[in-house]
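See below for the structure under consideration.
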Protein chains: 2
Amino acid sequence: MITGQKTTPTKNIKTLQVIQSEVENSNRIALSVDCIIFGFDEAKLKVLLIRSDLKKYAGKWSLLGDLVFPNEDLDAAAYRILKQRTGLSDVYLEQVSTFGTVNRHPAGRVVTVAYCSLINVQHHKLNILDNELHWHDIKNVTDLAFDHQQIFDTCLQQLQKRVQEHPLGFNLLPKKFSLRDLQNLYEAILGIKMDRRNFRKKFFSMDFLIDLNEMEQDVPHRPGKLYKFNFEKYEKRKKKWIGIDF
Amino acid sequence: MITGQKTTPTKNIKTLQVIQSEVENSNRIALSVDCIIFGFDEAKLKVLLIRSDLKKYAGKWSLLGDLVFPNEDLDAAAYRILKQRTGLSDVYLEQVSTFGTVNRHPAGRVVTVAYCSLINVQHHKLNILDNELHWHDIKNVTDLAFDHQQIFDTCLQQLQKRVQEHPLGFNLLPKKFSLRDLQNLYEAILGIKMDRRNFRKKFFSMDFLIDLNEMEQDVPHRPGKLYKFNFEKYEKRKKKWIGIDF
DNA sequence: TATTTAATGTGTAAATTAAACACATTATTG
DNA sequence: CAATAATGTGTTTAATTTACACATTAAATA
């Protein structure tokens, strides 16, 4: 609750007091987790943000965060928050980095651990009950609350690196996808244009795609073939993946 | 002090009480930093360890750690600990990962942030006043206290990755080194043998080595040429570095 | 229904990078 | 002065990456 995204102002004030007394009286530091939830939709890479309700950052967007419970594993806290916010549980989730400058949070000393997750906007249809929660095109993410812009930038960079070593991208796509979908995803994540023939060649040579012998439906042009990712085969031989310099 | 490496038993007991009361009474989690200090000597990659003085881990070795002060930036805490233990300040230091399972520390809930640093054993001659502090060949690091084995393994893996992207290795060598020294370093870090001609070719082609027109002294064989690393030139064009699959 | 449109689907050649591999040279040691 | 143990050096082959163009298909439109 320290990070304040879904709390009432009253709760925030209380938390502020608690933390400030800690800072003065003991050797204590509050610990939170922030989740950077990437999704892919309309050929754009998006990130899930919530409107900050701290006065200091009124109108700004922030990451989904919460305090870690004292009897809760750090990883478990990240999964809990992801589930709380999106209803999702069976997704890729990875610790990225920890941010701990003294004044990063206005409510007191809060060190936060950033976790990155990739979810499938189309497939999972997460329940956004809270209308303060929205998907943002990463190109428009420029001025987040707290130090969340820095955290976001770090996570995006890490995603760009990781996606070149492991086929994480498939977690962002629907189960059935065309090669154009896949290439759009990579272009959106890496922010570059890629050669279509070389792209296809590379993925076919990896031999992780299963041809479904189905075609796209309802596209306003020649439909492409649909594929699914062979997760079993991939798990068997995890190794360095495609390497595009950037 | 929670991690207990340089404290008296009395201090440890006190800390234990403090943390246990926290865990029971409030939403608090203690935060520490552990430093994984790599060095290179006698053609071996080494890590600096201290003997644990917690009874539970009597006789075992552990990493250098300490609590983060409430008014201290996380990065600053890592530099402080490194300086306290070794006297060094102007070295490469990087956050690796945060470890936060509930029962990782016997004294209570302590989440720790691991930082990795690379120091130059020959050049800096750090003052090991405490004779419970020793350099260990990484090959012999097998059974550390707490979850420090896991932390160490993670850091070594990260070092292996990083060293293939950035010339961190030079921080481990003396200012003047031979190409044999350099290759020994890479072989020690990566745990593989490399082809001498290809290795030299790769480094010369990167054009970061400055030929000092000096030769090794006091070696029991034909002396090699000495070089230094061109840090200025490297800083100007940071980019992806050598890439050896592993 | 024929034409246009906008995408899919495919192969090869050149350039770059990585890997394999052997012998002459030099200083030290005995 | 002979033996030793290391340094120093190039070329060839294989593998990977990059650049690049045209026929095909289905939908949309005239």
Side-chain angles (χ1 to χ4, degrees), chain A residues 42-43 161 163-165 167 173-174 176-188 190 192-228 237 239-246, chain B residues 42-43 160-161 163-165 167 173-174 176-188 190-228 237 239-246:
Chain A
E42 297 167 0
K161 259 188 124 166
V163 88
Q164 293 179 64
E165 299 171 345
L173 290 172
K176 301 177 179 183
F177 53 85
S178 67
L179 278 170
R180 165 52 50 194
D181 295 331
L182 188 58
Q183 186 171 343
N184 283 343
L185 173 59
Y186 275 83
E187 291 181 344
L190 297 174
I192 57 174
K193 289 284 171 196
M194 298 166 97
D195 180 274
R196 192 158 49 94
R197 277 166 295 186
N198 292 336
F199 183 86
R200 296 163 83 91
K201 206 192 310 172
K202 178 152 265 171
F203 275 81
F204 285 135
S205 75
M206 289 191 315
D207 210 24
F208 288 138
L209 294 178
I210 298 172
D211 187 341
L212 292 170
N213 290 310
E214 290 179 63
M215 306 301 268
E216 288 181 294
Q217 301 291 327
D218 304 316
V219 286
H221 52 76
R222 175 181 176 183
K225 287 181 117 178
L226 291 173
Y227 297 85
K228 67 175 180 179
R237 46 182 167 112
K239 51 157 62 178
K240 207 163 191 177
W241 212 38
I242 67 170
I244 303 145
D245 277 76
F246 70 102
Chain B
E42 297 167 1
Q160 289 176 332
K161 259 188 125 168
V163 88
Q164 293 179 65
E165 300 171 345
L173 290 171
K176 301 176 180 184
F177 53 86
S178 67
L179 278 171
R180 166 51 51 193
D181 294 332
L182 189 58
Q183 186 170 344
N184 283 342
L185 173 59
Y186 275 84
E187 291 181 343
L190 297 174
I192 57 173
K193 289 283 171 196
M194 298 165 97
D195 180 274
R196 191 158 50 95
R197 277 166 293 186
N198 292 338
F199 182 86
R200 296 163 82 91
K201 206 190 310 171
K202 177 152 267 170
F203 275 82
F204 284 134
S205 75
M206 289 192 314
D207 210 24
F208 288 138
L209 295 179
I210 298 172
D211 186 342
L212 292 169
N213 290 310
E214 291 179 62
M215 306 300 269
E216 288 181 295
Q217 300 292 328
D218 306 317
V219 285
H221 53 74
R222 174 181 176 183
K225 287 181 117 177
L226 291 174
Y227 297 85
K228 66 175 180 180
R237 46 182 169 115
K239 51 158 62 179
K240 209 163 190 175
W241 210 39
I242 66 170
I244 303 144
D245 278 75
F246 69 103

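Reminder, nothing fancy here: chain letters follow the sequence lines and each chain counts from 1.
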**Request:** Ignoring backbone atoms, test whether B:Lys202 places a side-chain nitrogen or oxygen under 4.0 Å from the OP1 or OP2 oxygen of C:dA18.
**Result:**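 So the side chain of B:Lys202 is within the cut-off, an N or O lying under 4.0 Å from OP1 or OP2 of C:dA18.
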To the nearest Å, give me how far apart [atom1] ([X]) and [atom2] ([N]) are.
X: A:Phe203; N: C:dG9; atom1: CZ; atom2: P; result: 15 Å
X: B:Arg200; N: C:dA20; atom1: CZ; atom2: P; result: 19 Å
X: A:Glu216; N: C:dA6; atom1: CD; atom2: P; result: 17 Å
X: B:Lys225; N: D:dA6; atom1: NZ; atom2: C1'; result: 16 Å
X: A:Asp211; N: C:dT8; atom1: CG; atom2: P; result: 16 Å
X: B:Gln217; N: C:dA27; atom1: CD; atom2: C1'; result: 12 Å
X: A:Leu179; N: C:dA7; atom1: CG; atom2: P; result: 16 Å
X: A:Phe199; N: C:dG11; atom1: CZ; atom2: P; result: 18 Å

**Request:** Produce a footprint string for nucleotides 20-30 of chain D: one letter per nucleotide, 5' end first; B if the base is under 4.0 Å from any protein heavy atom, S if only the sugar-phosphate is, - if neither.
**Result:** BB--BBSS---
**Asked** Sequence neighbours excluded, which residues qualify as salt bridge (Lys or Arg N to Asp or Glu O under 4.0 Å) partners of A:Asp211?
**Response**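 With neighbours one apart ignored, the set is A:Lys225.
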**Request:** Go through the steps to decide whether B:Ile210 and B:Tyr227 satisfy the test side-chain contact (heavy atoms from CB on, under 4.5 Å), and finish with yes or no.
**Result:** CA-CA 5 Å; B:Ile210 298 172; B:Tyr227 297 85; over 6 Å; no
**Message:** Looking at A:Glu216 and A:Ser178, would you say the former's side chain and the latter's main chain have a donor-acceptor pair under 3.5 Å?
**Reply:**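 A pair under 3.5 Å: no.
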**Message:** On a heavy-atom basis, which atom in A:Ala188 and which in A:Ala43 lie closest, and how many Å separate them?
**Reply:**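 Scanning both residues, the minimum pair turns out to be CB-O, 4.2 Å.
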**Request:** Determine the contact category for A:Arg180: base if any of its heavy atoms lies under 4.0 Å from a base atom, sugar-phosphate if only primed atoms, P, OP1 or OP2 are that close, otherwise nothing.
**Result:**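 Answer is sugar-phosphate: A:Arg180 comes under 4.0 Å of backbone atoms only.
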**Message:** With a 4.5 Å cut-off on side-chain heavy atoms, are B:Phe177 and B:Leu209 touching?
**Reply:**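 In short, these two side chains touch, coming nearer than 4.5 Å.
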**Request:** List the steps, then state whether side-chain hydrogen bond (donor to acceptor under 3.5 Å, both in side chains) holds for B:Gln160 with B:Gln164.
**Result:** CA-CA 7 Å; B:Gln160 289 176 332; B:Gln164 293 179 65; over 6 Å; no
